[in-house]
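Below is one structure, written out as structure tokens, with a few remarks after it.
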Amino acid sequence: MNHEIEQALQDALKRKQPSPDFAARVMARLPETAPARGTVIAMPARRPWLAIAIAATLAIGSFAGLRYQQYRQGQEAKRQLILALQITSEKLTLAQHKVVGISERRIDQ
Amino acid sequence: MNGTPADIDLGLRQAQSGSRAAFAQIIEAHQSMVFSLLLHILGEAAVAEEIAQDVFLELHRNLSSIESPSHLTRWLRTVAGRRAIDEVRRRKFRSPHGLDELPEPRVEYDQGDILLTQRLSRLLARLPAKHRAIVVMRYQEDLDPTDIARHLEMPVATVKSTLHRALGMLRRALERSGVREPAPVKAMPTLLNREAV
């Protein structure tokens, strides 16, 4: 029985053709431009030195950009620390003047 | 896209370089395979054509990743198979009744193989999506369980057991509907016996 089923399945599942204009309808839905990825990928394969140069430039650029960003962050942190110390110093000076003023008034009394 | 392997490879390269004519040839060479896979799994020609078109459009978008003509065929089978299974699950194509519960009109086997073939087509449409996809890949595309497993991304053992179960379901449904065991047939080993287990 299995053999007959398998034979019948092969008959039932024979390949069939879609409607005659199938390919034309697919082509009508294609974008006008060629697939971009193919061109981009094909270029480095033909010119490996160019791909290496581009990759190296990108790597160096990324590293330099990262280092500059770290430098800028460091500078900003330093500036903020100095400002905070200046404010603290001014507050302490003000407090000191007030304490001295109070002490002098008590002595006068 | 007919011709020597070198011609086919050249056609693929031309399509990858943007030749629309070469891509049209790729469609014509593979449309029967893609459409039939979808038709046999989905059971509706209009839906099968619509999804087959989508498969070729997806191919066009991914053309640069295709490495060879054989890779192209594998890619199309895999995408068509997966799209069909997704579509079956999405649209709930499957009959709300299981294969085993549905009554079948009694048909005598000696009415001819055509009836058996027609009956099987109808029964096939009631199998679960995964079972159907595996049966279609096995008997339409003549793929072995290892290839089917690769296409559908499932273990080989699962493919074998599912194929065995699907054929069992079909056989029981045929027996229930009164299709009798015919006279002994030629001494040809069955594919099922070789694969299942």
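Atom set for the values below is all heavy atoms of this structure, side chains included, hydrogens, waters and symmetry mates excluded. Proteins come first, then strands; the chains are lettered A, B, ... in the order of their sequence lines, and each starts at number 1.
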Establish, from distance only, whether the side-chain atoms of A/Gln10 and A/Glu6 form a donor-acceptor pair under 3.5 Å. no
Okay, B/Ala24 and chain A: the region with an atom under 4.5 Å from a heavy atom over there is both
Between B/Met33, B/Glu28, B/Gln140, B/Gln53, the one whose heavy-atom pairs under 4.5 Å with chain A are most numerous: B/Gln53
Let me confirm one number: the OG1-NE2 distance from B/Thr78 to B/His151, rounded to the nearest 0.5 Å. 4.0 Å
Counting C-beta onward and ignoring hydrogens, is there a side-chain heavy-atom pair between A/Asp11 and B/Leu120 closer than 4.5 Å? no
Heavy-atom pairs under 4.5 Å with chain B are the metric here; pick the option from A/Met27, A/Arg29, A/Arg15 that has the most. A/Arg15
Sort A/Lys16 into side chain, backbone, both or neither according to what part of it lies under 4.5 angstrom from a heavy atom of chain B. both
Okay, B/Val34 and chain A: the region with an atom under 4.5 Å from a heavy atom over there is neither
Going by atom types alone, do B/Gln16 and B/Arg13 pair a side-chain donor with an acceptor below 3.5 Å? yes
So that I can tick it off, tell me whether B/Arg90 and B/Glu87 are bridged by a salt bridge, with the cut-off set at under 4.0 angstrom between side-chain N and carboxylate O. yes
Between B/Ala48 and chain A, which part of the residue has a heavy atom less than 4.5 Å away: side chain, backbone, both or neither? neither
Output yes when B/Arg82 and B/Asp86 qualify as a salt bridge under the 4.0 Å nitrogen-oxygen rule, no when they do not. no
Counting heavy-atom pairs under 4.5 Å with chain A, which one of B/Asp54, B/Ile66, B/Leu37 comes out on top? B/Asp54
